[in-house]
**Q** 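The structure under discussion is supplied below as structure tokens; questions concerning it will follow.
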Amino acid sequence: MRYVKLPSENFGEFFNFLQRLGPTYGPVKEGKTHHFREVKGVSEMDLNYTRTMLPPKKFFVRPRERLFRLENGWWKEEDGERPFVLFGVHACDIHGLKILDKVYLSDPVDPYYSKRRQNAFIVGISCMPDEYCFCKSLGTHFAMDGFDLFLHELPDGWLVRIGSVRGHEVAWENEKLFEEVTDEDLRHFKEFEEKRANAFQKEIPQEGLADMLDLAYNSPVWKDYAEKCLACGNCNMVCPTCRCYEVCDSWVDAYSSVRERRYDSCFMESHGLVAGGHNFRPTRLDRFRHRYYCKSYFDPSSGFNCVGCGRWDEFCPAGIEHVKVLEEVRGSLR
Amino acid sequence: MTGNPYQSHDARILEVKDLTPREKLFTLRFIDPEINESFTFKPGQFVIVDVRGFGEFPISLCSSPTRKGYIQLCIRKVGRMTKFVHKMKEGDVVGIRGPYGNGFPMENMEGSNLILVAGGLGMAPLRSVLWYTLDTGKYEHVWLLYGTKAYEDILFRDEIIHLLKHGETMNCTVKMAYEIESPSCIYLERGFSERVCRGVVTDLFRGESFDIENSYALICGPPIMYRFVIRELLNRKLSPGRIYMTLERRMRCGVGKCGHCVVGTSVSMKYICRDGPVFTYWDALATRGLI
Ligand SMILES: Cc1cc2nc3c(=O)[nH]c(=O)nc-3n(C[C@H](O)[C@H](O)[C@H](O)COP(=O)(O)OP(=O)(O)OC[C@H]3O[C@@H](n4cnc5c(N)ncnc54)[C@H](O)[C@@H]3O)c2cc1C
Ligand code: SF4
Ligand code: SF4
Ligand code: FES
């Protein structure tokens with residue numbers, strides 16, 4: 001890893017340079033929540049945010065997007081994607097994107113996702129956890145790759161980790177804005193990370209979790225929670241690793257049609273429905289449990305499908321807490 | 001096929017044949033001769049049929065890769081898309097993408113006995129296997145145990161009757177069980193009293209002795225059929241690793257992206273479209289929710 005320092009006084013100029021790479025999206029506060037929005041200046045952003053409502057996946061898998069347009073009976077691929085900058089992404093969300101990569105960039109590569117991934121310049125930023133975060137217990141609180149630049153807060157600027165050749169090129173081009181990292185900066189960096197590590201209030205004990213959950217398939221805890229759940233699908237929308245989509249053809253006018261995809265949710269009855277009315281997940285219990293299993297799937301090659309961002313807990317209208325459910329399910333085995 | 005994996009290729013309908021009041025057999029050929037030449041698949045794989053502007057749906061390939069230059073799909077009319085396709089005629093064009101899924105491990109099974117167990121529409125993928133075994137002649141003996149509702153519902157009726165008559169000369173034993181009595185069925189039963197009976201598909205195991213050590217079973221049918229057929233096979237000591245079944249789920253992408261066909265728990269997640277649709281009974285024991 002290469003490290004440089006960005007002093008506070010150069011931050012604005014650095015940000016202005018990034019804007020030349022393409023439209024820049026950063027965390028903006030609206031009411032009580034934060035959202036990634038297009039920003040024109042540093043002052044529009046709130047860099048002390050904990051989480052945005054929708055994770056940055058919305059830039060790669062759109063809530064609703066066109067795949068094809070019908071032209072003379074033949075599908076024409078929709079494109080027009082331009083380079084853009086994602087500014088201020090937290091480590092957990094970077095891990096979320098890496099999990100999406102495993103799905104969308106594995107053979108066969110999804111061309112829409114892959115194009116946007118290549119077009120994105122990602123600038124990560126350090127953060128302090130709130131009462132919902134549990135990324136540390138999942139090992140997703142620190143990103144070693146998956147970004148171009150990563151900014152770590154220092155008292156008088158930012159310690160910048162350079163994560164890609166493109167990140168390196170950007171830093172190089174703006175050489176005069178950066179300084180060498182000093183021993184004092186490193187001490188501050190270390191102090192920040194230690195303070196952060198101690199600030200976590202929630203954790204999922206990973207050890208043996210996958211197996212315990214599988215064993216607890218018939219646990220009554222699933223049922224209790226499934227009855228509380230409103231099946232609204234909020235948790236799917238805000239999840240950085242939920243990726244289910246539905247495909248829909250529609251006619252724009254009498255001659256032209258488009259094929260679109262949009263986020264789907266496994267809490268919807270239609271998710272497992274096939275012709276003839278047969279449903280592979282007929283009850284809310286089936287769907288609730290499926291969601292937990294999908295998120296808690298332990299992939300031997302990549303670990304859990306959950307990054308501990310805390311969005312579920314913050315945005316569930318029924319007040320269902322991910323970590324608590326898993327703990328209770330595990331507890332019910334005893 | 002490189003490029004956009006969601007792009008389908010034009011295929012012309014060469015022939016439409018009514019198999020039953022609900023099912024039609026479509027014979028298709030890719031318009032691009034290069035694709036037509038290079039398109040190959042394994043029995044048990046499926047394609048996605050794309051009616052551009054209206055939607056897509058998955059259908060098993062029911063022809064055999066040994067017959068080049070065309071593919072066949074047996075489509076049951078059940079809902080919006082399948083109704084639409086049933087209105088199509090010879091000469092019409094649809095989009096096809098695929099083939100998808102793993103298919104049956106035909107090569108590993110060479111030299112063995114195959115017990116094909118089909119219920120209803122499950123006949124479609126197994127017909128591909130059947131033709132493949134007959135065309136290649138690389139299998140010891142093949143049984144087809146086929147359960148159908150009534151005479152009118154027999155899929156590929158001509159082929160079934162032909163094999164009832166002449167199958168043994170090709171090391172192939174066809175047996176059929178029907179549920180609803182009719183003069184035609186009784187006529188068939190009289191002609192082939194050993195092999196046609198009234199009942200369900202598991203009745204066809206009666207009196208049959210397979211060389212179980214050297215056998216594989218390939219099952220396809222409605223979900224409830226699996227339990228009974230598998231019990232029968234396990235009673236005969238067939239290893240769960242030698243029992244293959246093809247499964248169905250809601251599918252959108254066919255290539256492991258859209259998430260609809262995902263099953264399993266925290267220790268085993270499977271995509272039916274990519275890791276299946278063919279699974280062994282062992283997979284089902286190790287993966288909750290598979291069957
Ligand atoms: C691997 C596989 C192989 C199949 N092989 C065959 C075959 O050889 N012959 C045959 O007749 N049918 C087969 N099917 C079932 C066939 O895909 C459905 O009957 C068809 O999708 C129904 O679409 P519809 O629009 O007519 O029905 P509707 O009930 O109107 O369906 C509504 C929507 O749900 C989806 N859907 C409904 N049922 C299914 C289903 N079973 N699987 C996936 N998506 C579904 C469809 O995409 C459709 O857009 C297969 C399914 C799978 C998964
Ligand atoms: S199945 Fe449910 S939990 Fe899994 S990715 Fe899809 S929407 Fe998310
Ligand atoms: S957000 Fe809460 S209430 Fe809504 S579907 Fe998810 S768990 Fe259920
Ligand atoms: S059909 Fe889309 S993931 Fe299997």
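By convention in this document, chain letters (A, B, ...) are assigned in the order of the sequence lines, proteins followed by strands, and residues within each chain are numbered from 1. Note: hydrogens, waters and symmetry copies are ignored here, and every other heavy atom, side chains too, is used.
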**Q** Where does B:Val255 contact chain A at under 4.5 Å (heavy atoms): side chain, backbone, both or neither?
**A**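 When you check distances to chain A, atoms from both the backbone and side chain of B:Val255 fall under 4.5 Å.
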**Q** Less than 4.5 Å apart, any side-chain heavy atom of B:Met251 and any of A:Val274?
**A**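 They are not in side-chain contact.
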**Q** Should we count CG of A:Asp253 as having more than 12 external heavy atoms under 6.0 Å?
**A**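 More than 12 within 6.0 Å, yes.
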**Q** Does either side chain, that of B:Thr265 or that of A:Asp214, offer a donor lying less than 3.5 Å from an acceptor on the other one?
**A**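 The answer is yes; a qualifying pair exists.
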**Q** Checking heavy atoms, do the side chain of B:Val51, its backbone, both or neither come under 4.5 Å from chain A?
**A**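 Only the backbone of B:Val51 comes within 4.5 Å of chain A.
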**Q** Using a cut-off of under 4.5 Å on heavy-atom pairs, state which of A:Pro111, A:Ser257, A:Ser250 scores highest against chain B.
**A**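 Ranked by contacts with chain B, first place is A:Pro111.
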**Q** Mark yes when over 12 heavy atoms from residues, nucleotides or ligands other than A:Lys228 sit less than 6.0 Å from its NZ; otherwise mark no.
**A**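 Above 12, so yes.
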**Q** So which part of A:Tyr104 gets closer than 4.5 Å to some heavy atom of chain B, the side chain, the backbone, both or neither?
**A**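 The answer is both parts of A:Tyr104.
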**Q** Would you say B:Ser266's side chain and A:Ala210's backbone share a donor-acceptor pair under 3.5 angstrom?
**A**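 Such a contact is found between B:Ser266 side chain and A:Ala210 backbone.
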**Q** To the nearest 0.5 Å, what is the distance between CG on A:Leu273 and CZ on B:Arg249?
**A**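 Taking CG in A:Leu273 and CZ in B:Arg249, the distance rounds to 12.5 Å.
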**Q** Could you tell me whether A:Asp249 and B:Arg52 have a side-chain N and a carboxylate O separated by less than 4.0 Å?
**A**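 Salt bridge between A:Asp249 and B:Arg52, a charged N being under 4.0 Å from a carboxylate O: no.
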**Q** Please state whether the side chain, the backbone, both or neither of B:Ser268 comes within less than 4.5 Å of a heavy atom of chain A.
**A**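 Answer is backbone: N, CA, C or O of B:Ser268 sit under 4.5 Å from chain A.
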**Q** Would you say that A:Trp74 contacts B:Gln7 through its side chain, given a criterion of any heavy-atom pair below 4.5 Å between the two side chains?
**A**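 Heavy-atom side-chain distance check passes, below 4.5 Å.
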**Q** Any idea which heavy atoms bring B:Val78 and A:Ala275 closest together, and the distance?
**A**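 Residues B:Val78 and A:Ala275, closest heavy atoms: CG2-CB, 3.5 Å.
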**Q** Identify whether the distance between the nearest side-chain nitrogen and carboxylate oxygen of B:Arg250 and A:Glu246 falls below 4.0 Å.
**A**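 Looking at B:Arg250 and A:Glu246, the cut-off is met.
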**Q** For B:Tyr271, which atoms come within 4.5 Å of any heavy atom of chain A: side chain, backbone, both, or neither?
**A**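 Looking at B:Tyr271, just its side chain touches chain A.
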**Q** Just wondering, more than 12 heavy atoms not from B:Glu37 lying within 6.0 Å of its CD?
**A**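 At most 12 heavy atoms, drawn from other residues, nucleotides or ligands, come within 6.0 Å of this atom.
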**Q** Is A:Leu215 close to chain B through its backbone or its side chain, or both, or neither, when contacts mean heavy atoms under 4.5 Å?
**A**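 The backbone, not the side chain.
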**Q** Please classify the contact between A:Leu213 and chain B as side chain, backbone, both or neither, with a heavy-atom cut-off of under 4.5 Å.
**A**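 Its backbone and side chain both get close to chain B.
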**Q** Measure distances from A:Ser256 to the heavy atoms of chain B and classify the residue's part below 4.5 Å as side chain, backbone, both or neither.
**A**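 Neither part.
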**Q** When you compare the side chain of B:Asn4 with that of A:Tyr112, does any pair of heavy atoms fall below 4.5 Å?
**A**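 Yes. Closest side-chain heavy atoms under 4.5 Å.
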**Q** Determine whether a donor-acceptor pair (N or O, by modelled atom type, separation under 3.5 Å) exists between the side chain of B:Lys257 and the backbone of A:Pro108.
**A**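 Checked: pair present.
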**Q** Any heavy-atom pair between the side chains of B:Met269 and A:Tyr293 that's under 4.5 Å?
**A**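 With C-beta onward as the side chain, the pair touches.
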**Q** For A:Lys223, look at atom NZ and say whether over 12 heavy atoms of other residues, nucleotides or ligands are found less than 6.0 Å away.
**A**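 No.
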**Q** Should the pair A:Trp251 and B:Phe54 be assigned to parallel (<30°), tilted (30 to 60°) or perpendicular (>60°) ring geometry?
**A**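 The arrangement is tilted - the two ring planes meet at 30° to 60°.
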**Q** Do the side-chain N and O atoms of A:Trp75 and B:Asp50 include a donor-acceptor pair separated by under 3.5 angstrom?
**A**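 Yes, a side-chain donor-acceptor pair sits under 3.5 Å.
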**Q** Identify which part of A:Val258 has an atom lying under 4.5 Å from any heavy atom of chain B, answering side chain, backbone, both or neither.
**A**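 Answer is neither: A:Val258 stays 4.5 Å or more from chain B.
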**Q** Heavy-atom cut-off 4.5 Å, strictly under: side chain, backbone, both or neither for A:Arg289 against chain B?
**A**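 No part of A:Arg289 comes within 4.5 Å of chain B.
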**Q** Select, from A:Phe304, A:Phe68, A:Phe298, the one with the greatest count of heavy-atom pairs under 4.5 Å involving chain B.
**A**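 With the most close heavy-atom pairs to chain B, the winner is A:Phe68.
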**Q** In this structure, are over 12 heavy atoms from other groups packed under 6.0 Å from A:Lys98 atom NZ?
**A**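 Yes, because the 6.0 Å sphere around NZ of A:Lys98 holds more than 12 heavy atoms from other groups.
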**Q** Roughly how far apart are A:His278 NE2 and B:Glu248 CD, rounded to 0.5 Å?
**A**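 Going from NE2 on A:His278 over to CD on B:Glu248, the span is 8.5 Å.
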**Q** Tell me whether the count of non-hydrogen atoms from other residues, nucleotides or ligands lying under 6.0 Å of CD in A:Glu269 goes above 12.
**A**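 Check fails, neighbour count at 12 or below.
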**Q** Please round to the nearest 0.5 Å and tell me the distance separating atom CD of A:Glu77 and atom OH of B:Tyr6.
**A**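 Spacing of CD (A:Glu77) from OH (B:Tyr6) equals 10.5 Å.
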**Q** State plainly whether the residues B:Arg252 and A:Asp264 are in salt-bridge range, i.e. N to O under 4.0 Å.
**A**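 Salt bridge absent between B:Arg252 and A:Asp264.
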